[in-house]
Amino acid sequence: MKTKLKAEMYDKVNFMCRCYMDRIARFCLYYDFVPDEAALKKALAALYEASPVFHSRFVNNPINPYWLVSDYRIEDSLTFEKAEDIEKAAYSFLIKGIDIKETTQMKIAVFHKNGKCAVCFRWNHMLIDGGGFKQLARDLFRAYGEIIKDGSCRNNFLTGSRAYTEVYADFDRDKKKRAKSQLLGKSAHEKKTLPFTKKGRADKNILILKRIDADTFTSAAARGKSLGATANDVLVAAYIRSACKLIGCDKDEKMCVSCAVDLRRHMKNPDRIGYTNHTTFMPCTVNGMGEAMADTVKAVAECNRENKKDPFLGLHGLPLLNFAYSAMTYLQAEPTVRLFYANANLALSNVGKVDKRLFSLDGNEPTDAFVAGGAKVKPCAAVNALTVDGRLTLTMTIQGTDEDKAMVERFFEGMEEELKSLNN
């Protein structure tokens, strides 16, 4: 096994983002059973051996950073604990960080009580994005099922390349050439922000969560479909309207929300790559929210339809970004990239539906789940969305105060009201 692994471009980009967030991604699944500790540890160890970057330290070398594969104890990465309040214990675990010098870059905790549990993951976002994590969790849980069944693990984990250039692999020669000439990015430059308090010493990591019932969300999504919109378009519209009302925007005022785009959409078979990051953000801009929620939904849907016509959706700016990291030392590249990197004030990342069968642990399907991103520095208001059985869970992780938390809760209540209004 190699002792050093290459730090890929997205590893470096996400490391740079320590200036804007804590670089930790989070995922939580709830079950009406408690998994076998020994079997889950064996499955996790198999994953780590197949993909050693997960048990590596990041070395911030000023010339060219790299991952240093390290010895580790599986107990340092996976713990089981009885908890009086499972959800409270999950939040307390998830909000913590991971130092780049630790020997494992993913932490898992199982909090259990009376035959129920929460399986909590937090990991260094430099390693893997939300879309990739869904695949990783499925692979890990499949391995767990194999071990429970006959004690063996067939190691069906992704071991391919983590390089960003894999997004071009399925293009023909002409399209690949044009894709690699898309030098200018399409970042959102929205100056409007939610009414956070000023940054200060009182700021702490806070995870705000809002659950919206299945009837409300599925009905809103169905109504959106009748208007030519996707469920994601409906979410963006609800975000825009709630934000505009909280900020105090005029109904005809332009608004832009950055929406996550999974670049695996350009791959015929994403299973050929390794566990990595392949996500970027594209702006969704509307010229005002209009009178009613339906007006905003239509405007968002039109913008996103135009975005999706672009054969290089999400690929803009990647060649220039790679050039910066390739042509300069890392010490030079990081401040240079910051000059043209735009951290969106308003953003939405919709991880989508959870297929409960794929997240089952030896046939035990999750009853609920949520995803949360890095704790962003104000005024970034990045929302994560996930649905289970039609139920929608919204989260925002911030570095803020209790006053900021109350404001975000009002923002989420506003989004719920907008979804309900679409049903009327």
Side chain to side chain donor-acceptor pair (under 3.5 Å) partners for Q332, two or more places apart: T329

L313 backbone acceptor or donor facing H266 side chain under 3.5 Å: yes

Candidate pair F27 and F370, rule ring-ring contact (aromatic ring centres under 6.0 Å, His included), full reasoning: CA-CA 6 Å; F27 203 97; F370 69 84; 8.0 Å; no

Euclidean distance, N304 CG relative to T230 OG1, rounded to 0.5 Å: 6.5 Å

Row check, Y168 ring normal vs K176 NZ/CZ: under 6.0 Å, within 45°: no

Row check, F171 ring normal vs K175 NZ/CZ: under 6.0 Å, within 45°: yes

K12: partners by side chain to side chain donor-acceptor pair (under 3.5 Å), with sequence neighbours left out: N64

Salt bridge present between R241 and E418 (N-O < 4.0 angstrom): yes

Partners meeting salt bridge (charged side-chain N to carboxylate O under 4.0 Å, His left out) with R138 (sequence neighbours left out): none

Check: M126 main-chain N/O paired with N124 side-chain donor or acceptor under 3.5 Å: yes

Heavy-atom side-chain proximity of M21 to C380 below 4.5 angstrom: no

E409 atom CD, over 12 foreign heavy atoms within 6.0 Å: yes

More than 12 heavy atoms from other groups under 6.0 Å of NZ on K204: no

K378 NZ to N345 CG distance, which is reported to the nearest 0.5 Å: 13.5 Å

Qualifying salt bridge (Lys or Arg N to Asp or Glu O under 4.0 Å) pairs, either residue in residues 118-134, two or more places apart: D129-R264

H55 and D71: side chain donor to acceptor below 3.5 Å: no

Whether F121 and F133 hold their rings parallel, tilted or perpendicular, with breakpoints at 30° and 60°: perpendicular

Short side-chain to backbone donor-acceptor contact, S181 and R178, under 3.5 Å: yes

Audit row: V354, T387, side chain to side chain contact (heavy atoms under 4.5 Å, CB included) steps and yes/no: CA-CA 6 Å; V354 168; T387 55; over 6 Å; no

Closest heavy-atom pair and its distance - L235, L392: CD2-CD2, 3.5 Å

Side-chain donor or acceptor of S70 paired with backbone N/O of L68 under 3.5 Å: yes

By side-chain contact (heavy atoms from CB on, under 4.5 Å) - contacts of D99 (at least two apart): K101, E102

Parallel, tilted or perpendicular, as decided by the 30° and 60° cut-offs, for the rings of F141 and Y31: perpendicular

Shortest non-hydrogen contact from D262 toward G131: OD2-CA, 4.0 Å

Flag, side chain of S77 to backbone of I74, donor-acceptor distance under 3.5 Å: no

Test item: P52 and W67 side chains (from C-beta on) under 4.5 Å apart, heavy atoms: no

Contact list for residues 213-240, test salt bridge (Lys or Arg N to Asp or Glu O under 4.0 Å), sequence neighbours left out: none

Nearest-0.5 Å distance, CG of residue N343 to CZ of residue F281: 9.0 Å

Qualifying residue, where the test is ring-ring contact (aromatic ring centres under 6.0 Å, His included) with F15 and the options are Y20, Y10, F58, Y325: F58

Gap separating the OH atom of Y30 from the SG atom of C120, nearest 0.5 angstrom: 6.5 Å

Partner residues of K192 under the side chain to side chain donor-acceptor pair (under 3.5 Å) criterion, sequence neighbours left out: E190

Partners meeting side chain to side chain donor-acceptor pair (under 3.5 Å) with K308 (sequence neighbours left out): none

Heavy-atom closest contact (T395 atom, V371 atom, distance): OG1-O, 2.6 Å

NZ/NE/NH1/NH2 to OD/OE distance under 4.0 Å, K210 and E416: yes

Whether F111 and F93 hold their rings parallel, tilted or perpendicular, with breakpoints at 30° and 60°: perpendicular

Side chain to side chain donor-acceptor pair (under 3.5 Å) between T104 and K107, worked out: CA-CA 7 Å; T104 57; K107 308 295 181 183; 2.9 Å; yes

Heavy-atom pair with the smallest gap, counting every atom of A118 and A90: CB-CB, 4.4 Å

Summary of salt bridge (Lys or Arg N to Asp or Glu O under 4.0 Å) pairs that have at least one residue in residues 325-337, sequence neighbours excluded: R18-E334, E334-R338

Distance-only polar pair, side chains of Y66 and S56, donor-acceptor under 3.5 Å: no

Closest approach of N384 to A372 (non-hydrogen atoms, all atoms of both residues): OD1-C, 4.0 Å

Nearest-0.5 Å distance, OG1 of residue T165 to CG of residue N322: 8.0 Å

NZ/NE/NH1/NH2 to OD/OE distance under 4.0 Å, D76 and R73: yes

Interatomic spacing from CD in Q182 to CG in L320 - rounded to 0.5 Å: 12.0 Å

Residue pairs, two or more places apart or on separate chains, that pass ring pair (Phe, Tyr, Trp, His ring centres under 6.0 Å) and touch residues 390-424: Y239-F411

D139: side-chain contact (heavy atoms from CB on, under 4.5 Å) partners, not counting sequence neighbours: Q135, R142, F157, L158, Y275

Pairwise salt bridge (Lys or Arg N to Asp or Glu O under 4.0 Å) hits with a residue in residues 82-91, at least two apart: E84-K113, E87-R211

Step-by-step salt bridge (charged side-chain N to carboxylate O under 4.0 Å, His left out) determination, R410 to E413: CA-CA 5 Å; R410 293 195 301 273; E413 288 168 3; over 6 Å; no

Lys/Arg-Asp/Glu bridge criterion (N-O < 4.0 Å) met for E302, K298: no

Pair T197, D404: side-chain N/O donor-acceptor within cut-off below 3.5 Å: yes

Contact check, side chains of K6 and R162, non-hydrogen atoms, under 4.5 Å: no

Pairwise side-chain contact, D355 with E365, heavy-atom cut-off 4.5 Å (strictly under): no

Considering all heavy atoms, the nearest A238-L419 contact: CB-CD2, 4.1 Å

Check: T276 and Y164 side chains under 4.5 Å, non-hydrogen atoms: no

Check ion pair D22-R26 (N to O, under 4.0 angstrom): yes

